[in-house]
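For reference, the structure discussed in these notes is given below.
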There are 2 protein chains.
Amino acid sequence: MDAIAEAPDQTAETDRHLSAFIGYAMKRALSIVQADFARTLADYDLRAVSFSALSIIVGEPGLTQTQLADALQIERSNLVTIIDELAGRNLIIRAPVAQDRRRHALMPTTAGKQLAAAAQASAIDHERRLFACLTEGERAELQRILRKFRKEAVV
Amino acid sequence: MDAIAEAPDQTAETDRHLSAFIGYAMKRALSIVQADFARTLADYDLRAVSFSALSIIVGEPGLTQTQLADALQIERSNLVTIIDELAGRNLIIRAPVAQDRRRHALMPTTAGKQLAAAAQASAIDHERRLFACLTEGERAELQRILRKFRKEAVV
DNA sequence: TATTGTTATACTCTATAACTATA
DNA sequence: TATAGTTATAGAGTATAACAATA
């Protein structure tokens with residue numbers, strides 16, 4: 001309990017006791033991707049979540065905030081400031097819905113569509129650059145396996 | 001700018017515009033893993049990061065807090081409360097280092113080694129259960145590709 | 001009564017700067 | 001001067017409850 005220890009020669013790979021876990025490998029890989037992605041999106045003053053929100057709004061114009069929150073897997077309440085920000089930059093509008101005045105139909109503006117297109121091109125480029133260390137087959141396998149897992153994992 | 005929209009029949013797969021990105025697939029997959037892992041570790045009153053810290057300390061007894069922070073890729077300052085908690089539960093001790101009295105050698109207690117062993121067994125079981133939807137070959141490929149990416153990605 | 005968007009709030013996570021004690 | 005551990009703090013991110021307007 002009061003042991004005096006010798007300082008060992010501690011170099012790299014200190015996390016080798018965790019690297020047997022796929023979850024750990026996924027976390028480490030994702031943090032690399034996220035850091036590079038954040039740098040990429042900084043050019044457009046977008047965070048990953050605002051990029052995702054804008055991309056979905058451009059792809060599914062007219063969806064409501066609740067639907068978007070579900071798609072992004074975030075709480076409705078936490079989406080509000082994200083939408084505020086995109087709307088404040090005139091990238092989207094909250095359009096009133098005729099049939100149900102509680103809802104807002106989220107619509108991209110022309111500027112929003114243009115920014116989304118440019119940011120998406122950069123995002124594609126970011127992935128191409130970052131995953132260039134993998135072969136085409138490895139990238140495809142990684143995507144396929146991750147999608148299969150998401151679809152079929154029993155939680 | 002003041003368009004009145006019809007509410008579209010919005011069902012699932014609203015995120016299909018993002019699923020071309022490997023990073024997005026990784027994030028979605030990881031969030032499933034993390035949720036299940038958190039449930040698994042709750043039995044031991046451990047968070048993922050405290051489990052990781054304890055596992056590394058058991059595997060590399062005597063390492064310092066700075067070394068552990070590097071291994072976990074977190075800030076030294078944010079490690080303090082994690083170590084406080086583990087030490088407060090008598091799972092580890094901060095042993096003085098003879099050669100350098102600034103440093104603490106992190107050593108697992110007997111209780112710490114026992115809890116780590118039990119939690120590790122549960123963690124292995126959690127991965128076995130959760131990734132059962134993948135074939136053995138797919139799990140191995142996923143691990144291999146993620147590791148290769150982490151090792152070779154040019155940031 | 002239930003739902004949509006919203007506000008308020010609290011809790012965790014993460015990053016930075018500065019302090020202390022040691023080297 | 002530099003380093004290890006620590007403290008304080010501020011900014012994100014996340015989760016919950018409750019409210020107003022509307023259904």
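Order of the sequence lines fixes the chain letters, A, B, ..., with proteins taken first and strands second; residue numbering starts at 1 for each chain.
At least one side-chain heavy atom of His126(A) sits under 4.5 Å from a side-chain heavy atom of Leu130(A). Residues Leu79(A) and Val49(A) form no side-chain contact, since every pair of their non-hydrogen atoms from C-beta on lies 4.5 Å or further apart. Side-chain contact between Ile83(A) and Leu68(A) is present, with heavy atoms from C-beta onward closer than 4.5 Å. Between Gln120(A) and Ser55(A), some side-chain heavy-atom pair lies under the 4.5 Å cut-off.
Comparing atom distances between the His104(A) side chain and each of dG13(D), dG5(D), dG5(C) picks out dG5(C) as nearest.
The distance from atom CG of Asp84(A) to atom P of dT4(C) is 19 Å, rounded to the nearest whole Å. The CG-C1' distance, from Leu30(B) to dC13(C), rounds to 15 Å in whole Å. Atoms CZ (Arg47(A)) and P (dC13(C)) sit 19 Å apart, rounded to a whole Å. Residue Gln34(B) contributes atom CD, which lies 17 Å from atom P of dT12(C) at whole-angstrom precision.
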If you look only at distance, which donor and acceptor atoms sit under 3.5 Å apart when one is on a side chain in residues 143-155 of chain B and the other is two or more places apart or in another chain?
{"from": "Gln143(B)", "atom 1": "NE2", "to": "Ser19(A)", "atom 2": "O", "distance (Å)": "3.1"}
{"from": "Gln143(B)", "atom 1": "NE2", "to": "Ala20(A)", "atom 2": "O", "distance (Å)": "3.0"}
{"from": "Arg144(B)", "atom 1": "NE", "to": "Glu141(B)", "atom 2": "OE1", "distance (Å)": "2.8"}
{"from": "Arg144(B)", "atom 1": "NH1", "to": "Glu138(A)", "atom 2": "OE2", "distance (Å)": "3.0"}
{"from": "Arg144(B)", "atom 1": "NH2", "to": "Glu138(A)", "atom 2": "OE2", "distance (Å)": "3.1"}
{"from": "Arg144(B)", "atom 1": "NH2", "to": "Glu141(B)", "atom 2": "OE1", "distance (Å)": "3.4"}
{"from": "Arg144(B)", "atom 1": "NH2", "to": "Glu141(B)", "atom 2": "OE2", "distance (Å)": "3.1"}
{"from": "Arg147(B)", "atom 1": "NH2", "to": "Ser19(A)", "atom 2": "O", "distance (Å)": "2.8"}
{"from": "Lys148(B)", "atom 1": "NZ", "to": "Glu138(A)", "atom 2": "OE1", "distance (Å)": "2.8"}
{"from": "Lys148(B)", "atom 1": "NZ", "to": "Glu138(A)", "atom 2": "OE2", "distance (Å)": "3.3"}
{"from": "Arg150(B)", "atom 1": "NH1", "to": "Asp15(A)", "atom 2": "OD2", "distance (Å)": "3.1"}
{"from": "Arg150(B)", "atom 1": "NH2", "to": "Asp15(A)", "atom 2": "OD2", "distance (Å)": "3.0"}

Below 3.5 Å is the cut-off: list the nitrogen or oxygen pairs between protein and nucleotides 19-23 of chain D, distance only.
{"from": "dT22(D)", "atom 1": "OP1", "to": "Arg101(A)", "atom 2": "NH2", "distance (Å)": "3.4"}
{"from": "dA23(D)", "atom 1": "OP1", "to": "Arg101(A)", "atom 2": "N", "distance (Å)": "2.9"}

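Looking only at atom types and distance, the side chain of Gln65(B) has no donor-acceptor partner in the side chain of Arg103(B) under 3.5 Å away.
In this structure, Gln65(B) reaches the dT6(D) phosphate: one of its side-chain N or O atoms is under 4.0 Å from OP1 or OP2.
One N or O on the side chain of Thr109(A) and one on the backbone of Asn90(A) form a donor-acceptor pair closer than 3.5 Å.
Applying a 4.0 Å cut-off to non-hydrogen atoms, the residues of residues 72-79 of chain A that approach DNA chain C are Arg76(A), Ser77(A), listed by residue number.
The pair Arg129(B)-Asp36(B) counts as a salt bridge, with a side-chain nitrogen and a carboxylate oxygen less than 4.0 angstrom apart.
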